Amino acid sequence: MEEFSGLHPREVVRRVSSSLGCSPSSPQVAAYFDENDDLRHLRQHFLMPKVADLPASDLSIVDGGEECIYLCGNSLGLQPKMTRKYLEEELDKWARTGVHGHTDGSRPWAWAENNLEDLMAKVVGAKTSEVALMNGLTVNLHLLMLSFYKPTQSRHKVLLEAKAFPSDHYAVESQIRLRGLNPRHSMLMLSPREGEETLRTADILEAIEKEGDSIAVVMLSGVQYYTGQLFDMAAITQAGQQKGCFVGFDCAHAAGNVELKLHDWGVDFACWCSYKYLNSGAGGLAAAFVHEKHQHSIQIVLIFPGVSGFRLSNQPILLVCPLQASLEVFNLTSMQALRRKSVLLTGYLENLIQHYFSEDPAEPGKPHVRIITPSDPQQRGCQLSLAFSVPIRKVYQELERRGVVCDMREPNVLRIAPTPLYNSFSDVHRFISTLKDALAACRGQ
Amino acid sequence: MEEFSGLHPREVVRRVSSSLGCSPSSPQVAAYFDENDDLRHLRQHFLMPKVADLPASDLSIVDGGEECIYLCGNSLGLQPKMTRKYLEEELDKWARTGVHGHTDGSRPWAWAENNLEDLMAKVVGAKTSEVALMNGLTVNLHLLMLSFYKPTQSRHKVLLEAKAFPSDHYAVESQIRLRGLNPRHSMLMLSPREGEETLRTADILEAIEKEGDSIAVVMLSGVQYYTGQLFDMAAITQAGQQKGCFVGFDCAHAAGNVELKLHDWGVDFACWCSYKYLNSGAGGLAAAFVHEKHQHSIQPALLGWWGHNLQTRFQMTNVMELQPGVSGFRLSNQPILLVCPLQASLEVFNLTSMQALRRKSVLLTGYLENLIQHYFSEDPAEPGKPHVRIITPSDPQQRGCQLSLAFSVPIRKVYQELERRGVVCDMREPNVLRIAPTPLYNSFSDVHRFISTLKDALASRDHNN
């Protein structure tokens, strides 16, 4: 689909439907996109749940033998097929050789996670030496903040989003208190403008310009969990550093989702979990990044002896296995190719949402959807956050009955994340049809 | 074997061999102990490697079909048999239901580790509310030290062993530096007396008495990794607290090994890993303990959303509702793949008690000691003969299951000859072996076989030199 590169997804959909002689909302468009999707075979590397196996499926209204419509990779990625085999290899090694597993086999436990660092580094645009796989995200954020957040009398603030993911908020709050400072003075939170839901890049940069001299660390998410907004990490990094701040990102929703260039952008530090777009399973092995420019200067506070000094202990082999299985699939392609598909896939979803669920002045009682996530593909990842004009709980339940897996944020938001690694354009089309049915079912009650 | 309770293992061995009419070093003694071991069936719950599968086995001199002699549970415990099944259950659930696994099934991922807390609490003598399963040991030690180590001008020291496990040493050092202090002044290290290898309890207590006013935290291991010494945790806790110190223990080598009573002893905090005597696999889920007396007074320094009250945690309000006690120290959801092996292991512990395990262990290690002394004591009549000095205290109450053996010859060749013959144990160059007969799955015959093999290994080494 290279002939479409550079075009806005809306335009791509228009051209394709035009050449097919059908409506943009026709399933033929989805079929066309799938046939021409160079990455469609990657789906085979994952285990897609069947409708019948989902807890809330209503088999009287949906075919249990079909694959479900899984648009929840932003919450928990699907299981890579090789996971089981790799885990069994390590269980066998443990059973057969006991303690020798630390040094023997294809995944010597004493350094197994080190072997995945180059694959992970590729995904986030870092050098291998800048990445460590370890712990959980929040632990890593704390380890990094202990080293990078060194407040002085004048430069004591941490800048983050007003609605940061709770764990980040609590982490930053506690880091500030640990220094004997008051979050009320040292926690600088960026809110959207009145009536808006996302942050304008210009406003972020302006805040940094205005307050930068008193900011010690800028710590934003790469992709905002609630709105799906992708921040301009390059510009924010540059602006922050120009004012003498350290700049770090929680890339939980960005890693494996969007193209990251942590090294080239000069990002000071970053951390992310691996169970979302990196598909390593609930509580999977997290990661940390420290730019190589700091390798001799940043005092690693809670030692052990770059980012290697931040490591505290041997990492669990059982968590290395699913992560290896997943990163090997990423290694069959590139973040660039995944992103190209993702922009079109999410643009296609957006197109259909707008087609069917825009507010209609002629039908004021009809439920409609407002997309919270920025419309500019460069300012979002694969997720769209949909704000409904009706309470979401019943809609969500009707979707679940029909084999859709997505995320609900009450009172009225759904987060839908068509993931380029394993979702198809037909998944998106099926979702839209199902959403129509779900809304109709709600109205019927 | 209750008729022997209270007797020193040496005496038990003597009586049994006497009643059997054989030498104390006869395999009949081992067979007798095994037949009368109420816990021998627990071995069936673990996967014991076969000699042929070990990397260094020499099948020309040993039968590959035999079970190996695995005396390395102090380094990595054996795999509980139910591990695979539990892991498969969670892999199936993930494959079949995706994100729903967080709330569905027998191990909902969002709180699976909470379901193991009462089993773990039993093992360490704590209340369920005092235990959290999370992270790795060193992470937990740091989280606890950040809350308990609050140095002042006068009270700024941390007391630990001179040869603490490296991770503990580095952790304490960095905690001191984090406060802007100098380890040289604030890291108080206890060394054994000249010519001794273990610490005398009296010396520890004396150090606390003398320096206690300047000590903020006493942080020792429960069982010392190198010497195998079991510290008098009750006395140390009392002494430290009497001087106004907080007292914590790294129980990595103690949990699942010796009887712990963290709650009753009033220990302030503790942490441990689970891949040694708790058999949860390399890098398994670690644990932390905070005494309930602190539940409203000691605040976690570093917060994450898992410390938030479960009822409202997912409302994403960004207003922390901190759980009391150790639960407030939680940072994130723990990996389900690590919960599975730990569950499998703790279920085996739950078939017995630490008291019963300890009773067997005292006899098992005493039996090992007896044979070591019988065959490998220094012999003035044969000065060239290799001999073994046991570093670990001889008092069963001052050790766990491990014996650290100092050889009169370099250990490497001995170790290699042992490996060729299917022994799995731990070598500490230049001349030490650590042997840990684990009550959960080792037998008295394992110990006897080890001794025979050690004789062969030493003879072979002699022959090859």
Side-chain angles (χ1 to χ4, degrees), chain A residues 47 49-50 53-55 68 70 72 75-76 78-79 83-84 87-88 91 94-102 104 109 135-139 142 146 163-167 169-171 173-175 178 226 281-285 301-305 312-319 322 405 407, chain B residues 47 49-50 53-55 70 72 75-76 78-79 83-84 87-88 91 94-102 104 109 135-139 142 146 167 170-171 173-175 177-178 281-284 300-308 316-318 320 331-338 341 424:
Chain A
L47 296 169
K50 294 271 196 300
D53 290 327
L54 299 177
C68 74
Y70 196 87
C72 210
S75 183
L76 187 87
L78 293 183
Q79 182 181 152
T83 300
R84 185 177 300 246
L87 278 169
E88 282 175 355
L91 288 182
W94 180 14
R96 287 155 57 92
T97 73
V99 69
H100 292 288
H102 279 304
D104 292 9
W109 304 330
N135 308 321
L137 186 160
T138 311
V139 172
H142 276 302
L146 281 171
K163 289 221 170 107
F165 190 79
S167 210
H169 184 102
Y170 303 144
E173 217 176 29
S174 59
Q175 286 276 341
L178 180 63
Y226 187 86
L285 198 56
V301 170
L302 293 189
I303 284 275
F304 241 143
L312 293 173
S313 24
N314 187 205
Q315 296 305 309
I317 188 61
L318 296 181
L319 300 188
V405 186
D407 180 82
Chain B
L47 295 170
K50 292 271 198 298
D53 289 327
L54 298 177
Y70 196 89
C72 210
S75 182
L76 186 87
L78 293 183
Q79 183 181 151
T83 299
R84 185 176 300 245
L87 278 169
E88 281 175 355
L91 288 182
W94 180 15
R96 288 156 56 93
T97 73
V99 69
H100 292 287
H102 279 303
D104 292 8
W109 305 328
N135 309 320
L137 186 161
T138 312
V139 172
H142 277 302
L146 281 170
S167 206
Y170 302 143
E173 219 176 26
S174 60
Q175 285 279 337
R177 287 208 178 93
L178 177 64
L302 300 180
L303 301 183
W305 73 322
W306 229 244
H308 189 114
M316 322 295 243
T317 58
N318 287 13
M320 176 53 95
L331 295 175
S332 27
N333 188 203
Q334 295 306 305
I336 188 60
L337 297 180
L338 300 188
V424 187

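Below, chains carry the letters A, B, ... as their sequence lines are ordered, and counting in each starts from 1. Keep in mind that the numbers below use all heavy atoms, side chains included, and drop hydrogens, waters and symmetry copies. Please read these numbers as outputs of a predicted model, since none were measured by experiment.
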S.K.: Please look at A:L178 and chain B and tell me whether the side chain, the backbone, both or neither of the residue comes under 4.5 angstrom of a heavy atom of that chain.
M.R.: side chain
S.K.: Evaluate B:W306 against A:T138 for side-chain contact (heavy atoms from CB on, under 4.5 Å), listing each step before the verdict.
M.R.: CA-CA 10 Å; B:W306 229 244; A:T138 311; over 6 Å; no
S.K.: Could you tell me which portion of A:L87 (side chain, backbone, both or neither) has an atom closer than 4.5 angstrom to a non-hydrogen atom of chain B?
M.R.: side chain
S.K.: Of the listed residues (A:V405, A:L47, A:T97), which shares the most heavy-atom pairs with chain B below a 4.5 Å separation?
M.R.: A:T97
S.K.: Between B:H308, B:Q334, B:K50, which has the largest tally of heavy atom pairs under 4.5 Å with chain A?
M.R.: B:H308
S.K.: What part of B:N318 lies closer than 4.5 angstrom to a heavy atom of chain A: side chain, backbone, both or neither?
M.R.: both
S.K.: Any heavy-atom pair between the side chains of B:L302 and A:L146 that's under 4.5 Å?
M.R.: yes
S.K.: Among B:L76, B:N333, B:D53, B:L78, who wins on heavy-atom pairs under 4.5 Å with chain A?
M.R.: B:D53
S.K.: Check whether B:P300 gets within reach of chain A through its side chain, its backbone, both or neither, counting any heavy atom under 4.5 Å.
M.R.: neither
S.K.: Among A:D104, A:L91, A:D407, single out the residue with the greatest number of heavy-atom pairs under 4.5 Å to chain B.
M.R.: A:L91
S.K.: Relative to chain B, which of A:G136, A:C72, A:G98 shows the most heavy atom pairs under 4.5 Å?
M.R.: A:G98
S.K.: Identify, with sequence neighbours excluded, every residue that meets ring-ring contact (aromatic ring centres under 6.0 Å, His included) alongside B:H102.
M.R.: B:W109
S.K.: Evaluate the side-chain proximity of B:M320 to A:H169: yes if any heavy-atom separation is below 4.5 Å, no if none is.
M.R.: no
S.K.: Taking atom CG of A:L318 and atom CD1 of B:I336, what is their separation to the nearest 0.5 Å?
M.R.: 11.5 Å
S.K.: Between A:Y226, A:Y170, A:F165, which residue shows the highest count of heavy-atom pairs closer than 4.5 Å to chain B?
M.R.: A:Y170
S.K.: Indicate the atoms forming the closest heavy-atom contact of A:H142 with B:L303, along with that distance.
M.R.: NE2-O, 2.7 Å
S.K.: Using the test ring-ring contact (aromatic ring centres under 6.0 Å, His included), find all partners of B:Y70 that sit at least two apart in sequence or belong to another chain.
M.R.: none
S.K.: Evaluate the side-chain contact (heavy atoms from CB on, under 4.5 Å) criterion for residues B:N135 and A:N135: first the C-alpha distance (whole Å), next the side-chain angles of each, then the deciding distance (0.1 Å), finally the verdict.
M.R.: CA-CA 6 Å; B:N135 309 320; A:N135 308 321; over 6 Å; no
S.K.: What residue, out of B:P341, B:G281, B:G101, has the most heavy-atom pairs lying under 4.5 Å from chain A?
M.R.: B:G281
S.K.: If you take all heavy atoms of B:P335 and A:G283, which pair is closest and at what distance?
M.R.: CG-O, 3.1 Å
S.K.: Mind listing the closest non-hydrogen atom pair of A:R96 and B:P49 along with its distance?
M.R.: O-CB, 3.0 Å
